[in-house]
**Student:** 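After the structure tokens below, expect a handful of questions from me.
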Amino acid sequence: MLSNRISFSGEQGMLLETAVGFCRERSPVSAVRALMGGADGFDPAVWAEMAALGWCGIAIPERFGGSGLGLAEVATVVEPMGRHLMATPFVSGQIAVQALLAGGHMALLPRIAQGAIATTAVFERDGDWDLAAIEATATRHGDHLRLEGVKTLVEHGGVAEIVLASVRLDGAPALAVLEGPFAGRMRAEAVIDETRRSFSLDLTGLEIPTASLITDPAAFIALRDAALLLSVAEAAGGIAGVLDVTVDYLNNRTAFGRKIGSYQSLKHACADILVGLERSRSHLYHAATLCGANEDAEVALRMAKAEASDVFANAGDRAVQFHGGFGFTWDCDAQLYLRRALWLQYSFGDAAHHRRKLADLLLGD
Amino acid sequence: MLSNRISFSGEQGMLLETAVGFCRERSPVSAVRALMGGADGFDPAVWAEMAALGWCGIAIPERFGGSGLGLAEVATVVEPMGRHLMATPFVSGQIAVQALLAGGHMALLPRIAQGAIATTAVFERDGDWDLAAIEATATRHGDHLRLEGVKTLVEHGGVAEIVLASVRLDGAPALAVLEGPFAGRMRAEAVIDETRRSFSLDLTGLEIPTASLITDPAAFIALRDAALLLSVAEAAGGIAGVLDVTVDYLNNRTAFGRKIGSYQSLKHACADILVGLERSRSHLYHAATLCGANEDAEVALRMAKAEASDVFANAGDRAVQFHGGFGFTWDCDAQLYLRRALWLQYSFGDAAHHRRKLADLLLGD
Amino acid sequence: MSEFAEFRAEVAAWFRDNRPPEPDFLLPESFMEVGTEQQFEYLRAWQRKIWEAGYLGMAWPKEYGGGGQPQAMQDIVNAEMARQKVPFVPNTIGLNWAGPLILAIGTPAEKQRYIKNILSAEDIWCQGFSEPDNGSDLAATTTRATRDGDAYILNGAKIWTSLGSYAKYMILLARTEPGSKRYAGLSYFLVPMHTPGIETQPIRKLTGEYGFTQTFFRDARIPDDCLMGKEGEGWKIAMMTLTFERGASGGQAGGIARQALNVHDTVDLARLARRDGRPAIQDPLMRDQLVRFLIEDQGDRLTAARGAIPGLTSERPHAIPLSQKLRTSEHRRRLLQFALGLQGANAARWMGDANAREGGKWQRAYFNSFSSTIGGGTTQIQSNIVAERVLGLPKD
Amino acid sequence: MSEFAEFRAEVAAWFRDNRPPEPDFLLPESFMEVGTEQQFEYLRAWQRKIWEAGYLGMAWPKEYGGGGQPQAMQDIVNAEMARQKVPFVPNTIGLNWAGPLILAIGTPAEKQRYIKNILSAEDIWCQGFSEPDNGSDLAATTTRATRDGDAYILNGAKIWTSLGSYAKYMILLARTEPGSKRYAGLSYFLVPMHTPGIETQPIRKLTGEYGFTQTFFRDARIPDDCLMGKEGEGWKIAMMTLTFERGASGGQAGGIARQALNVHDTVDLARLARRDGRPAIQDPLMRDQLVRFLIEDQGDRLTAARGAIPGLTSERPHAIPLSQKLRTSEHRRRLLQFALGLQGANAARWMGDANAREGGKWQRAYFNSFSSTIGGGTTQIQSNIVAERVLGLPKD
């Protein structure tokens, strides 16, 4: 029998309240759309505020300049970010933090706590979600390692000061901790979520000291767990956001003399999305509870990811449809959520992928 | 590119018209319910009429007392039987006919054309749909074969004069052509479709002449093709029947001051069922066309079976639901269709089974 | 909790040793499905045995047949019954609805009269809320109770009465103020079923079994002390009763009220049942579906847990309770529908067949699952409730 | 058909030899998606080339630029274009709607004026039926055409005008009888788009591309010979136009009007794309889904074939035509949504990305698929139409 524990601390409560207000205020949809046109896709002033609020160091131990809380608290502030379509480098940095912590590589944590932008580079051209499926390599040359290969889908690569890139050393997966600048190595990619910035990173020719390589497999698990949890947090927020947009439209638009929200084909679909939202949030906070307690969260995380990403992708699709002609236009916000939903669905494994893994975990091979 | 040929002859048109009228008249739901209580589940007088109409010999060559038409014409009369929940031994007999024809075993055809009841016995206790997965055996003893094993889900076994039972001879599948009586060997089974009668058949100890064994693999293919086509015909008729019952109720029942058929959650589901009905009928008559022309119909039949049995099972489920409290009672006809739908879904392979076979046929292994 | 460790062990042992033998007929999954004398007597005897052992009504007052013990002990018993999957106790309306209500607002005489016999299953209780034409719209109740001296005269009809054929008492909602509308003018009665003019008629379900009755009142005269609370307070008391049912404020006698097939049983089925010549659990499509159901079920369990945390439900406080029926009833219907397909050709068998998996219980359960997607407000009505009352969308 | 064997070979060779080079930008899938000058000029040149080769308007009269040949030859060309998957011809409204209509009811002068330039793509045509507030309810048209001497004055607005920025003419439905309701009082015009007072404004689609315009009429004065048929016959003529579109009574100039991704392209994608480290087509779940789509697609193709057989459609003659849009548009949306998932992490790429499969065409196609589930009556409206007009269920 799976645990059904959910804990929610006073700190989380306060963080959530702060984050809800902050995101609502700093990320109205007009701001989101304005940033979509810019190069970096986020507002450095808002980022500085987030750093000043201490969010970048939430999960970093106090001795490295953080507040010594954990991933559960990080997820708590990410949920409202997802709701308001914020796309700062916060999530990519927090994923890196977890990998660094698990890998025992503490040197860069103080900088990240201060607001230095960090990210991970763990995917390659064939789009395989298996983090151990790595073509890029590190080879020893004296006390240095020489890197080779190309990573893709590196979020916020264009502004990152710190990148954790997965490579193979002597056949085993490892994380190379790279410090910028990466000028000339980062190439912008076009991705479905236009509020995001993604890059490919050419590693070939880079040399790093041997000490900059994390070989502890725990780092990969921590990276994956953080990526899944925060992706679910974003998605859960996103479902709530797109449901708001949709319900609002259905309550205002009239057709054939009735508010369209009175038609069962639309209202029942919204009820189903609400049900999905409730289940997704429950999975989210349960997985966060396990992560926060450093318990094995693999089943909880994969369940949460499968549930939330399917619900969000469907909610985005329905939102476009239910806005009718307006939904087909760029000006309708439904498409922004649909794009975000698809990004999240296909990052770190889609629902079908996680269900297959869950089948092996829960039902045996 | 798959063929999209559908032919529908004048003979089929006439048969369809006759059958529509006959089934509507001879199988009102009151008659269906009355027969459900009886031992044999059908009305011998109606069966005699069907035989007199020449239906039992439709697909039997003229020289064996039939009218020399084919399986397509048989399917044409089965569709309205499905619509009106008739459950005579017609279908089981026609499946046997096709196997006998393909196996070159003509001796019993004249009797069947006259109305002798025939059936097939091709399943066993583990419920495997693979017709080659046979535990029952035939072993040679002089010029006789001795049979061993138990067959299950033998439709109308209680009244059958002729049974084709699958057995293994020297490891290879074969069909034993058995003639009754089968007293003591047939044991009634309880099945989900209460308009049907099903039996297990104990073969052990039976001896048959070697000539009574069909070893040509074509007989198995013919048996399977006939079973699939007629099951689809029954299902297509059934979908139409249950849609009638449902639409009728939705047009009459009032809730909260409106006809319940005006609520989109109900009417849109009915529209979806209609769409499924249209697709199912199209698959049916295309597969019938290929069968009638003795062309390879495997893809067409499996597609038709997958489509029609899923649509019917869903339509039956929705019909119960949409009848509300009345739908939960024995007196509501929706359950009769749901039972029929489930019987058809799980006989000769359900939709998922056929889709898996189709994947191998259409997409490669 | 360690103080109860010994008790827990004792309880576990008792149920292990006293579990009644598996009957040669199929047991129902809840009191709503009890359809034969055989089933009824088996379950009634089982309830009596549990009560006699002191494991039922443990937290109810001693003077009325309860145990006067802490609720925690009853919780241990309940959990153990669920864990050992023993049969349920059938007097559900008495144990979970009528009993708690009588203890809460009844007179000492009423408590004396009713409570012990509820626990022992001596008196079976049933419920008269739904009416033939009103579905689950309780406020539209039309059954009348007309005062006549020291009695009330009942006229009307109720439907979907579980255990109606076996019950000695009914909790009844009836209109005492003629011409009143909706919630006003309703009153709440404890009605002796053997009163002349009360007649029950069994309803045959789509499974072919019985298990509900329709109850007719034709000038049935009951003493006026059958009234609970005051005239006109019926709605309020009915809502209080429903609170007991939902377990929100406790007070139930305990035991388990159902022994229903769930997603874990379905996984077990997938291990045992074969389709396409191998255990169903090896089929990748079946695995994907099973995992979907597991995720959904775990989602609902977690949602129940989250519902207790105000900081995580504050935006839409009614979302979880008001969507509960929608979520769980549809989950169950789809789960059971799917479970048939695990069985290959044997899915088409039915209750009583020698080869039917677990006696045809899965087929029956799928058919019975409509009682939740239809009864107590159909899925379509539940969806409206969620859309309108939680999301604020307009009425149809 | 063997008489055309030689012709068929000639056509196949011509298209093989004359297919335009693959452009370095993404082509649209139909005229509704033409959004840039580049796309437009590429397709216009392609149409002109086909017409000059004699493969467009083959069955239209020679004196107006057609080929005066049997329709069967045009059918061969169309089939070959589809088979070779060459780009489509963009003047769809001219070739399939306006052209056939002018040939059917136009004056010789009108035929002279319009037909040849439709075929050569010299004059691009667009369509003005939908209006901003009426969705696809044509009978609710509010754009007015007021007679003033030998002219009409147009006022109002149309929306979802494909090729609106490139079109020289529009077929327009407008209300000539002030105060008239629904179908009455509408008239049909061939409107020169360069008329002062007509302004088009591009609409940016959810894909980020352009491809539709909104068209505003502000006291735009057009000569009264722009009227087709008589005043008040607009609805009748519009319905006739739609018949041409549906190909029900032929008359179209030919060519192919779209080059859209379909289920077979999706199977090809599944062979090439990888997910979970292997070709997607090896994943049992993806296979099951692909087969579902193949069954559905084949079901719709067969349904079109069955629609021509009266004996198999007599019970509900409107079922097939009235459900066609519902069936195909939803199929396509779900198919394309599914196709993204075949691509693993690369599903999240977008148009213009170097690693995006086929330039991001699949992502774009999914987003564009909403044009069919929304435009011309949403899926929800189509479901109502089927339920009410085919099944006879009550209106909302």
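Naming convention: chains lettered A, B, ... in sequence-line order (proteins, then strands); numbering from 1 in each chain. What's counted below: heavy atoms across the whole structure, side chains too, no hydrogens, waters or symmetry copies.
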**Student:** Heavy atoms only: give me the nearest A:A190-D:G352 pair and the separation to one decimal.
**Tutor:** CB-C, 4.2 Å

**Student:** Using only heavy-atom distances, determine whether the side chains of D:Q337 and A:D317 contain a donor-acceptor pair under 3.5 Å.
**Tutor:** yes

**Student:** Output every pair passing salt bridge (charged side-chain N to carboxylate O under 4.0 Å, His left out) with a member in residues 271-281 of chain D, not counting sequence neighbours, ordered by first then second residue.
**Tutor:** A:D350-D:R275, A:R356-D:D276, D:R275-D:D283

**Student:** Counting only heavy atoms closer than 4.5 Å, note whether D:A356 contacts chain A via side chain, backbone, both or neither.
**Tutor:** neither

**Student:** With sequence neighbours excluded, give me every salt bridge (charged side-chain N to carboxylate O under 4.0 Å, His left out) pair touching residues 325-338 of chain A.
**Tutor:** A:R33-A:D333

**Student:** Of the backbone (N, CA, C, O) and the side chain (C-beta and beyond), which part of D:S383 lies under 4.5 Å from a heavy atom of chain A, both, or neither?
**Tutor:** neither

**Student:** Pick one of side chain, backbone, both or neither for D:N368, based on which atoms fall under 4.5 Å of a heavy atom in chain A.
**Tutor:** both

**Student:** Which residue out of A:D126, A:L153, A:V191 racks up the most heavy-atom pairs below 4.5 Å with chain D?
**Tutor:** A:V191

**Student:** Please look at A:A133 and chain D and tell me whether the side chain, the backbone, both or neither of the residue comes under 4.5 angstrom of a heavy atom of that chain.
**Tutor:** neither

**Student:** Counting heavy-atom pairs under 4.5 Å with chain D, which one of A:D128, A:D193, A:T254 comes out on top?
**Tutor:** A:D128

**Student:** Can you pull out the residues in residues 204-212 of chain D with any heavy atom less than 4.5 Å from chain A?
**Tutor:** D:R204, D:K205, D:L206, D:T207, D:G208, D:F212

**Student:** Using a heavy-atom distance cut-off of less than 4.5 Å, which residues of residues 261-273 of chain A contact chain D?
**Tutor:** A:Y263, A:S265, A:L266

**Student:** Is A:E194 in contact with chain D via its backbone, its side chain, both, or neither, using a 4.5 Å heavy-atom distance?
**Tutor:** side chain

**Student:** Pick one of side chain, backbone, both or neither for D:Y366, based on which atoms fall under 4.5 Å of a heavy atom in chain A.
**Tutor:** side chain

**Student:** Side chain from CB out, backbone as N, CA, C, O: work out which of these in D:L340 comes under 4.5 Å of a heavy atom of chain A, or both, or neither.
**Tutor:** both

**Student:** Are the side chain of A:D130 and the backbone N or O of D:G277 linked by a donor-acceptor pair below 3.5 Å?
**Tutor:** no

**Student:** Does A:W343 have D:R349 sitting over its ring (NZ/CZ under 6.0 Å from centre, angle to axis within 45°)?
**Tutor:** no

